[in-house]
Amino acid sequence: MPSLAPPDPAGSNVAKIVAQLEAEIGASGDDVRRKAILRWEIARVHESRGKLGNAVRAHLDAFNQDPTFLAPLHALVRIMERIRSSKNLERLYREQARRMPDAPGRAAAMLDLAAYREDREKDAEKARERLADAFETDARVSALAVERVARRDGDDVRAMETLAIRADAVAHPVLRALLMAELAEARAGSGALDAAFLDLDRALTMAAARHRVLETMEKLARAHGRDGALARALEGQGELAAEAA
């Protein structure tokens, strides 16, 4: 592994540091990964001095040297986002979506591309296509973004589907219970009452956000004439009140 370029807080001889790294590249023979890392180090030196043009060229050289070494690609995305270079960002997001080694990473890149399509190109249809690609690649990573668009478009079925995925994916018990209570209300609104009360029963097993879950159970039970669920909700609220006394 090559040595990282030493700190140079005084901003002294950048050319000397770059020349040293280039000499190491020349001595690296056929070691493609080592050469890519050294070119990436050169890019970091330039970027640390505010020489973004030189940094971009060096990052590109590093990525072209070894496209499986992704640090330069991520750096290029970061720089282009900072300077708001729309033309380059689209290509870089596509490259990330193609190169990332795992499904969550590819889905995240597709979400970036979807946001680019919607925010910068104002092309809602293409944004939806990229969201669909992201959802197919990794539903858990993409669920919140897909749900947001579904709610905006009035697609209640899709919104409920993605909300269920989010509730299932969240590890924090309080947030999961709150999402399940929200999901229960959505299911009840669509007529799926049995599924709604099942969600609430599952949320109560987490022993988190119980007051909110029981309130939701009471509201839905009263609205839909579910006497058994109403009794459970009132009993649970009574227990909470006794514990707080």
Run the side-chain contact (heavy atoms from CB on, under 4.5 Å) check on Met217 and Leu230 step by step: do they pass? CA-CA 7 Å; Met217 181 178 283; Leu230 177 59; over 6 Å; no
Please identify which of these residues, Leu60, Asn64, Ile25, meets the side chain to side chain contact (heavy atoms under 4.5 Å, CB included) condition with Arg39. Ile25
Ala159 backbone acceptor or donor facing Thr162 side chain under 3.5 Å: yes
Take Arg222 and Asp227 through the salt bridge (Lys or Arg N to Asp or Glu O under 4.0 Å) test and state the conclusion after the steps. CA-CA 8 Å; Arg222 289 187 186 279; Asp227 293 338; over 6 Å; no
What I want to find out is whether Arg94 reaches Glu90 closely enough, with some N-O distance under 4.0 Å, to be called a salt bridge. yes
Taking the basic N atoms (NZ, or NE/NH1/NH2) and the acidic carboxylate oxygens, is any pair closer than 4.0 Å for Arg232 and Glu218? no
Candidate pair Arg34 and Ser28, rule side chain to side chain donor-acceptor pair (under 3.5 Å), full reasoning: CA-CA 7 Å; Arg34 177 180 172 82; Ser28 296; 3.1 Å; yes
Applying side-chain contact (heavy atoms from CB on, under 4.5 Å), run through Ile42 and His46 and close with a yes or a no. CA-CA 6 Å; Ile42 290 173; His46 286 309; 3.7 Å; yes
Is Tyr93 reachable from Leu131 through a run of I, L, V, M, F, W or Y residues, each pair having side-chain heavy atoms under 4.5 Å apart? no
Exercise: identify the closest heavy-atom pair between Ala184 and Leu200: CB-CG, 3.6 Å
Check Met206 against Pro173 and note the closest heavy-atom contact, atom names and distance. SD-O, 4.0 Å
Does His211 have more than 12 heavy atoms from other residues, nucleotides or ligands lying within 6.0 Å of its NE2? no
Are Glu136 and Arg130 within salt-bridge range, i.e. N to O under 4.0 Å? no
Within the structure provided, determine whether Val77 and Glu81 are in side-chain contact (heavy-atom separation under 4.5 Å). yes
Got a sec: does the CZ of Arg152 have more than 12 other heavy atoms crowding it under 6.0 Å? yes
Between atom CE of Met80 and atom CG of Leu52, what is the distance when rounded to the nearest 0.5 Å? 8.5 Å
Considering all heavy atoms, the nearest Ala107-Thr137 contact: N-CG2, 4.0 Å
Looking only at heavy atoms, what is the nearest atom pair of Ala177 and Val213, with distance? O-CG2, 4.0 Å
Are Leu38 and Val45 joined in one hydrophobic group, where the rule is that I, L, V, M, F, W and Y side chains link up if heavy atoms are under 4.5 Å apart? yes
Exercise: do Thr68 and Arg99 side chains pair donor with acceptor under 3.5 Å: no
Does one hydrophobic cluster hold both Ile37 and Phe63, with members joined at side-chain heavy-atom distances below 4.5 Å? no
Within this structure, what is the CG-CG distance for the pair Leu163 and Leu144, rounded to the nearest 0.5 Å? 10.0 Å
What distance do Thr216 atom OG1 and Leu183 atom CG have between them, rounded to the nearest 0.5 Å? 11.0 Å
Smallest separation among heavy atoms of Ile165 and Ala143, with atom names: CG2-CB, 4.0 Å
Side chain proximity check, Val157 to Ser190, heavy atoms < 4.5 angstrom: no
Is Val149 linked to Val146 within one hydrophobic cluster, defined over Ile, Leu, Val, Met, Phe, Trp and Tyr using a side-chain heavy-atom separation of less than 4.5 Å? yes
Within one Ile-Leu-Val-Met-Phe-Trp-Tyr cluster: Tyr116 and Ile79, side-chain cutoff 4.5 Å: yes
Stepwise side-chain contact (heavy atoms from CB on, under 4.5 Å) test for Phe135 and Met110: CA-CA 9 Å; Phe135 192 71; Met110 292 172 190; over 6 Å; no
What I want to find out is whether Asp153 reaches Arg148 closely enough, with some N-O distance under 4.0 Å, to be called a salt bridge. no
Arg158/Glu161 salt bridge by N-O under 4.0 Å criterion: yes
Has the side chain of Lys35 got a donor or acceptor atom that lies under 3.5 Å from a matching backbone atom of Gly29? yes
His59 vs Glu47 side-chain heavy atoms within contact, under 4.5 Å: yes
Taking Asp123's backbone N and O only, do any of them form a donor-acceptor pair with Arg117's side chain (distance below 3.5 Å, no angle check)? no
Donor-acceptor check, side chain of His172 to backbone of Val174, threshold 3.5 angstrom: yes or no? yes
Less than 4.0 Å between a side-chain N and a carboxylate O, is that true for Arg151 and Glu147? yes
Under a 4.5 Å cut-off applied to non-hydrogen side-chain atoms, are Met180 and Glu185 in contact? no
When every non-hydrogen atom of Asp102 is compared with those of Gly105, the smallest separation belongs to OD1-N, 2.8 Å
Report the residues that fulfil salt bridge (charged side-chain N to carboxylate O under 4.0 Å, His left out) with Arg120, sequence neighbours left out, ordered by chain and then residue number. none
Salt bridge flag under 4.0 Å for residues Glu182 and Arg212: no
Across all chains, not counting sequence neighbours, the side-chain contact (heavy atoms from CB on, under 4.5 Å) partners of Thr205 are none
Verdict with supporting geometry, Gln237 and Glu215, side-chain contact (heavy atoms from CB on, under 4.5 Å): CA-CA 8 Å; Gln237 290 178 78; Glu215 278 189 338; 4.2 Å; yes
Heavy-atom donor-acceptor pair, Arg176 side chain to Ala167 backbone, under 3.5 Å: yes
Taking the side chain as every heavy atom from C-beta outward, state whether Leu92 and Arg78 have any atom pair closer than 4.5 Å. no
Between the CD atom in Glu95 and the CG atom in Leu70, the distance rounded to the nearest 0.5 Å is 9.5 Å
At what distance, to the nearest 0.5 angstrom, does CZ of Arg128 lie from CG of Asp133? 14.0 Å
So, are Asp199 and Arg187 salt-bridged, with charged N and O less than 4.0 Å apart? yes
Taking the side chain from Arg210 and the backbone from Leu204, do they hold a donor-acceptor pair closer than 3.5 Å? yes
Run the ring-ring contact (aromatic ring centres under 6.0 Å, His included) test against Phe69 and tell me which residues pass, sequence neighbours left out. Trp40
State plainly whether the residues Glu41 and Arg44 are in salt-bridge range, i.e. N to O under 4.0 Å. no
Distance check, rounded to the nearest 0.5 Å: Met100 atom CE versus Leu73 atom CG? 8.5 Å
